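If you're wondering where the values come from, they're calculated on a predicted model, not measured in any experiment. All values below were derived from every heavy atom in this structure, side-chain atoms included, with hydrogens, water molecules and symmetry-related copies excluded. A note on names: the letters A, B, ... follow the listed sequences, proteins ahead of strands, and every chain is numbered from 1.
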Amino acid sequence: METVTIGKALNLGLRRALEDDPKVILMGEDIGRLGGVFRITDGLQKDFGDDRVIDTPLAESGIVGTAVGLCLRGYRPVLEIQFDGFVYPAYDQIVSQVAKMHYRSRGLPIVIRIPFGGGIGAVEHHSESPEAYFSHTAGLKVVVCANPNDAYWMIQQAIASDDPIIFFEPKRRYWEKGPVDTDAEPYPLHAARVARPGTDATVVAYGPMVRTALDAATAAAEEGRELEVIDLRSISPLDMAPVYESVRKTGRLVVVHEAPSNVGVGAEIAARVTEQCFYSLEAPVLRVCGFNVPYPAARVEEDFLPDLDRVLDAVDRSFGW
Amino acid sequence: MPDAVALYRTIRLIRRFEERAIELVRSGDIVGGVHPYLGQEAIATGVCAALRPDDVITSTHRGHGHVLAKGADPARMMAELAGRVTGLNRGRGGSMHAADFSLGILGANAIVGAAGAIACGAAWAGMLAGSDRVAVTFFGDGAVNQGVLLEAMNLAALRRLPVLFVCENNGYATTMPTAGAVAGTITGRAAAFGIPASTVDGMDVSVVLDAAREAVERARAGAGPTMLECLTYRFDAHHTFEHRVRLRYRDDADVAAGRSRDPMQIQGARLDPDERTRIDVAVETVLDEAVRFALASDHPDPAGALDHLYASGLRARPGVA
């Protein structure tokens with residue numbers, strides 16, 4: 001067991017994947033010589049060579065399309081999209097090619113890593129949460145890590161998967177430390193997990209908002225309310241069983257994500273919980289999300305992003321229903 | 001290398017395959033129509049004749065000719081168009097997404113220009129594996145304005161990938177004349193990346209074959225990509241939908257001029273008339289069987305529409321609209 005940052009855990013996971021399978025190659029902008037703008041691939045080109053850790057031109061559509069061709073000839077490309085907003089030029093390749101290939105012919109073991117979300121003062125195009133676009137698309141799988149142990153294991157599991165996976169990394173949490181158990185049996189990739197047990201209300205979050213939800217639970221406990229925090233981990237497929245179980249126990253659900261609420265992941269969760277847990281609900285499912293505007297300027301992003309107070313306020317509203 | 005007879009046979013096969021497919025569109029056996037390759041047969045035939053079985057191609061929405069020229073079974077191709085379970089992709093791909101990976105046919109592709117990057121990836125995979133396999137990407141004059149194709153050319157030139165960019169300039173992007181859509185020249189785009197390019201007569205299969213052979217040899221020798229602009233003319237509709245809704249974007253004089261040089265007649269004139277007749281009869285026998293096979297094959301089970309979404313076997317949620 002060692003204590004490392006989420007960023008370092010990803011680096012260690014990628015290193016192990018490169019060691020374990022010679023067909024794994026990393027591709028992306030500035031990932032080789034520099035080691036990535038967030039240093040996630042630091043040192044990997046030096047150790048594995050520029051045939052396996054490849055600096056590409058700044059051309060996201062071409063990167064993903066090239067990876068499709070590599071995949072069809074037996075490689076397992078792991079792509080880094082430098083910032084969330086940069087994935088949009090590649091959106092066509094991901095949605096039109098990557099997602100649809102298996103349904104009509106054969107699968108593509110591609111992993112597309114995307115540092116996502118705000119909180120680093122980087123404004124629009126560099127702070128976005130595009131997970132709903134990809135979760136909406138059949139044929140893709142979408143996962144989000146929230147702590148170093150998951151970062152280490154989930155990236156390896158994603159690379160070993162024969163399905164295309166959009167792998168979201170909570171960029172503002174890259175520097176947060178936690179334990180990584182490199183010998184433990186990893187938790188299943190597409191399973192949600194109770195991050196903190198509680199009895200009074202359920203808070204569902206993923207990625208950077210897991211930390212926010214856990215902080216809210218700590219604060220709520222001081223006021224005598226025990227929040228159960230669930231880390232979704234997988235957005236597509238959604239693992240709803242632990243959510244249903246929790247809501248049947250607590251009767252209250254708050255969903256937290258940075259992406260705007262409109263037609264988002266929270267709406268899907270609310271719909272499914274309403275379908276499955278209707279008679280257990282003491283209050284409507286509430287969402288704490290980004291507002292329905294483009295990601296705002298750096299000086300106001302703290303007002304845009306869900307925080308501890310907004311989560312607690314939603315919990316209060318649920319109890320006050 | 002194929003002789004004049006073999007080249008004629010392939011052209012004739014494509015020509016008559018397309019005419020038979022159009023009949024099946026009219027009879028309602030092929031649903032959704034097709035983009036006929038009529039008039040452009042010499043390009044697929046000549047280019048694929050320069051390839052080895054282990055070389056790979058990517059194709060377009062107007063892709064039947066490429067798929068057949070690369071060696072796909074006409075019966076399974078016809079079954080694919082008719083959406084039958086015996087089709088190349090079990091009827092799940094249809095006209096615009098036929099693929100046969102065992103023959104290096106990485107798929108037709110309905111997104112204009114998108115396959116250029118995929119071909120680059122396949123070529124790159126060959127290089128990484130130490131083989132001298134070549135990848136060909138077919139595309140039309142409409143694709144030369146797509147960003148991803150330029151990304152692919154840049155990457156191919158940068159990495160000296162063994163790729164042939166084969167532009168089939170038939171004068172129209174759907175209904176838009178090339179002159180109205182393409183600034184500069186098509187070969188000029190290749191020149192911008194330092195890719196050798198030439199414009200050749202796409203109606204004469206021997207001219208196409210000679211040019212393709214030279215380009216393939218360059219690629220195999222490690223000298224990188226080449227572009228061929230093959231001038232041709234689409235004899236029939238952009239899509240069979242035009243047979244019902246007459247789009248008046250080409251006048252009679254234009255069509256007559258375009259059809260005045262017919263790749264089948266040009267190559268057929270090089271054969272002994274008796275031999276040509278024998279080939280024509282033999283091709284008809286193959287296509288009689290292809291149509292019989294397609295129409296005798298089972299339709300897919302509608303419930304199967306929920307299957308084969310993921311390599312992991314994950315299915316769409318049952319009972320959800």
Side-chain angles (χ1 to χ4, degrees), chain A residues 22-23 25 27 49 51-52 54-75 77 89-90 92-93 95-110 138-141 161-165 189-190 234 236-238 240 268 271-272 275, chain B residues 56 58 80 88-94 97-101 104 106-107 109-111 113-129 131 133 135 137 146-156 158-159 161 163 305 307-317 320:
Chain A
K23 292 295 189 184
I25 55 175
M27 301 170 69
D51 270 355
R52 296 193 64 199
I54 299 163
D55 279 317
T56 65
L58 204 164
E60 290 81 6
S61 188
I63 294 169
V64 175
T66 303
V68 171
L70 281 157
C71 250
L72 291 174
R73 305 303 290 172
Y75 286 87
D92 169 59
Q93 288 284 338
V95 170
S96 300
Q97 313 295 335
V98 174
K100 293 175 170 59
M101 196 72 79
H102 190 272
Y103 188 63
R104 59 175 127 86
S105 44
R106 58 175 280 182
L108 297 172
I110 291 181
L140 301 175
K141 290 180 175 177
S161 166
D162 288 332
D163 286 313
I165 294 187
L189 180 60
H190 296 291
S234 180
S236 179
L238 277 169
M240 291 300 291
E268 179 65 25
R272 293 204 202 178
E275 287 166 5
Chain B
V56 302
T58 67
E80 184 62 31
L88 287 176
N89 305 97
R90 292 158 297 145
R92 301 173 77 95
H97 299 287
D100 187 335
F101 297 101
L106 304 189
N109 202 314
I111 304 296
I118 297 173
C120 282
W124 202 340
M127 259 174 66
L128 287 171
S131 87
R133 274 197 305 261
T137 182
Q146 287 278 16
V148 69
L149 189 68
L150 303 176
E151 293 182 25
M153 285 186 198
N154 180 59
L155 191 72
L158 194 68
R159 294 270 171 173
L161 300 178
V163 183
D307 293 338
H308 215 261
L309 184 56
Y310 293 101
S312 65
L314 178 72
R315 296 181 88 238
R317 286 198 305 145
V320 176

Applying a strict 4.5 Å limit to non-hydrogen atoms, the region of A/Leu140 in contact with chain B is backbone
Could you check whether any side-chain N or O of A/Asp162 sits under 3.5 Å from a backbone N or O of B/Ala311, counting only pairs where one atom can act as donor and the other as acceptor?
no
Where do B/Arg92 and A/Tyr103 come nearest, in terms of heavy atoms and distance?
NE-O, 2.6 Å
Of the non-hydrogen atoms in B/Ala129 and A/Tyr75, which two are nearest, and what is the gap between them?
N-OH, 3.4 Å
Nearest heavy-atom pair of B/Val148 and A/Gly62: which atoms, and what distance?
CG2-N, 4.1 Å
Name the option with the most non-hydrogen atom pairs under 4.5 Å to chain A; the candidates are B/Leu128, B/Leu149, B/Leu155, B/Leu314.
B/Leu128
Under a 4.5 Å heavy-atom cutoff, which of B/Gly93, B/Ser312, B/Cys120 has the most pairs with chain A?
B/Ser312
Contact origin within A/Ala67 toward chain B - heavy atom pairs under 4.5 Å
neither
Residue, of B/Ala123, B/Ala114, B/Ala115, that accumulates the most heavy atom pairs under 4.5 Å with chain A:
B/Ala114
Tell me, side chain or backbone of B/Ala135 under 4.5 Å from chain A's heavy atoms, or both, or neither?
neither
Work out which heavy atom in A/His102 is nearest to a heavy atom in B/His308; give both atom names and the distance.
O-ND1, 2.7 Å
Counting heavy-atom pairs closer than 4.5 Å to chain B, which one of A/Gly139, A/Pro77, A/Ser96, A/Gly107 comes out on top?
A/Gly139
Taken to the nearest 0.5 Å, the spacing of B/Thr58 OG1 from A/Leu72 CG works out to 10.5 Å
Contact origin within A/Lys100 toward chain B - heavy atom pairs under 4.5 Å:
neither
Would a 4.5 Å heavy-atom cut-off, applied to side chains only, mark B/Trp124 and A/Ile54 as touching?
yes
Going from OG on A/Ser236 to OH on B/Tyr310, what distance comes out if it is rounded to the nearest 0.5 angstrom?
4.0 Å
To the nearest 0.5 Å, what is the distance between CG (B/Leu309) and NZ (A/Lys141)?
9.0 Å
Considering only heavy atoms from C-beta outward, does the side chain of B/Ile118 approach that of A/Gln97 to under 4.5 Å?
yes
Side chain, backbone, both or neither: which part of A/Met27 has an atom under 4.5 Å from a heavy atom of chain B?
side chain
Closest heavy-atom pair, A/Ser105 versus B/Arg90, reported as atoms and distance to 0.1 Å, is O-NH2, 4.0 Å
Hey, which of A/Arg73, A/Met101, A/Arg106, A/Arg52 has the most heavy atom pairs under 4.5 Å with chain B?
A/Arg73
I'd like to know which of A/Pro57, A/Ala59, A/Ala99 tops the heavy-atom pair count under 4.5 Å against chain B.
A/Ala59
Give the member of B/Leu150, B/Asn154, B/Asn109 that has the highest number of heavy-atom pairs under 4.5 Å with chain A.
B/Asn109
Taking the side chain as every heavy atom from C-beta outward, state whether A/Ile63 and B/Glu151 have any pair of such atoms under 4.5 Å apart.
no
